Visitor: 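Sharing a structure here in structure tokens format.
For ligands, and for the atoms within them, numbers begin at 1 and follow the listed sequence. Source: prediction; values computed, not measured.
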Amino acid sequence: MQKYEKLEKVGEGTYGTVFKAKHKETKEIVALKRVRLDDEDEGVPSSALREICLLKELKHKNIVRLYDVLHSDRRLTMVFEFCDQDLKKYFDSCKGKVDSNTVKSFMFHLLQGLQFCHSHNVLHRDLKPQNLLISKSGELKLADFGLARAFGLPKERFSAEVVTLWYRPPDVLMGAKMYDTSIDMWSAGCIFAEMANGGRPLLPGSDVDDQLRRIFKLLGTPNELTWPDMKKMPEYRDFPAFSAIPLASVTPTLSSSGRELLQNLLVCAPSRRMCAEKAMQHCYFDDIDPSIRV
Ligand code: ADP
Ligand code: MG
């Protein structure tokens, strides 16, 4: 810890407090995330420590780099690449309108980062605009990859924060215990629509029931044909049979190919949701600037 000079606090989140800091010798600017533990007396669980250390190997331009993990006095500090802002702050700064080329390149970066992590069997499970950071050069990077697995999916662990349900897929809202990469693809869809709408969240539910209701009102309530396993979900419950609303009415500025991609991500049945690799090949990206691809 003495290697770093702490500068200002940049944020407070689900797992801890984030500080900007400077390496005393190299002068490199980093983000230090000090993790709060459920049980301070127990120290850092060795399983969590092992998970976190593996994340140091996850190196990709669209993933916020984890440089180091410092473990002392039963506390855990993660040393991350520093990014200038997050997508939520970016939305706040652009007054309700994100340029359509920016939406496309951010979405491509998001999918590239997801594809990379998913191919290494690492899930995010808590994607939201606050976890998408933007570098000085305008690259989008995914933060907090793999933390949910190490520390558990954010629930109301600490009374001060409200955990957002807005980016959670219906299977998880219905208590699915088997997580796979499809969880992140749903979140990516929600974020895509939010970017296209200049930062207005697509499905801002207030609790689990309201979240599911909003999803089904938009996409139509699933049935035996569209989601055969729905009734097997641990917390399945009946909803009225809403019929789908055209996505054009909720994302009016998105091109028709963009809407088609969105439709493929916002699929209630997890096994039918499009994966990152397929999404990157979608024709929506046909006219993307070649420099944005790796
Ligand atoms: P959350 O649980 O909302 O993801 P975090 O603890 O990850 O919260 O971070 C809180 C805030 O700190 C983020 O919204 C972001 O603005 C900022 N932050 C997190 N990581 C970094 C980083 N690597 N570089 C710069 N800012 C960061
Ligand atoms: Mg975060």
Visitor: Check ligand 1 against Lys89 and write out every atom of the ligand that is under 4.0 Å from a heavy-atom position of the residue.
Guide: 16 (O)
Visitor: Please write down residue, atom name and distance for the protein heavy atom closest to atom 4 (O) of ligand 1.
Guide: Asn131 OD1, 2.5 Å
Visitor: Which of the atoms in ligand 1, numbered in the order shown and given with their element, are less than 4.0 Å from a heavy-atom of Lys128?
Guide: 1 (P), 2 (O), 3 (O), 4 (O)
Visitor: Ignoring water, what protein N, O or S atoms are under 2.8 Å from the Mg ion (ligand 2)?
Guide: Asn131 OD1, Asp144 OD2
Visitor: Give the residue and atom name of whichever protein heavy atom lies nearest to atom 2 (O) of ligand 1, and the separation in Å to one decimal.
Guide: Thr14 OG1, 2.4 Å
Visitor: Which atoms from ligand 1 have a heavy atom of Gln130 less than 4.0 Å away?
Guide: 3 (O), 13 (C), 14 (O)
Visitor: What is the closest protein heavy atom to atom 23 (N) of ligand 1, and at what distance does it sit?
Guide: Glu81 O, 2.8 Å
Visitor: Compute the centroid of each ring, for Phe106 and then for Tyr90, and state whether the two points are separated by less than 6.0 Å.
Guide: yes
Visitor: Just heavy atoms, cut-off under 4.0 Å: does Leu133 contact ligand 1 by side chain, backbone, both, or neither?
Guide: side chain
Visitor: Regarding Asp86 and Lys89, does a basic nitrogen lie under 4.0 Å from an acidic carboxylate oxygen?
Guide: yes
Visitor: Which residue owns the protein heavy atom closest to atom 15 (C) of ligand 1, what's the atom, and how far is it?
Guide: Asp86 OD2, 3.4 Å
Visitor: Within the structure provided, determine whether Val18 and Phe82 are in side-chain contact (heavy-atom separation under 4.5 Å).
Guide: no
Visitor: Looking at atom 26 (N) of ligand 1, what's its closest protein heavy atom, distance included?
Guide: Cys83 O, 3.8 Å
Visitor: When you compare the side chains of Glu260 and His282, does any donor N or O come within less than 3.5 Å of an acceptor on the partner?
Guide: yes
Visitor: Does atom CD of Glu25 have more than 12 heavy-atom neighbours, drawn from other residues, nucleotides or ligands, at distances under 6.0 Å?
Guide: no
Visitor: Would a line drawn from the ring center of Phe145 to the ring center of Phe116 be shorter than 6.0 Å?
Guide: no
Visitor: Less than 4.0 Å between a side-chain N and a carboxylate O, is that true for Lys88 and Asp92?
Guide: no
Visitor: For atom 5 (P) of ligand 1, what is the nearest protein heavy atom, given as residue, atom name and distance?
Guide: Lys33 NZ, 3.5 Å
Visitor: Might you confirm whether atom CD of Gln281 has over 12 heavy atoms from other residues, nucleotides or ligands at distances under 6.0 Å?
Guide: yes
Visitor: Can you tell me which residue and heavy atom of the protein come closest to atom 9 (O) of ligand 1, and the distance to 0.1 Å?
Guide: Val18 CG2, 3.5 Å
Visitor: Give the single entry among Gly11, Gly13, Ser135 that approaches atom 8 (O) of ligand 1 most closely by any heavy atom.
Guide: Gly13
Visitor: So how far is it from His60 NE2 to Cys117 SG, rounded to the nearest 0.5 Å?
Guide: 8.5 Å
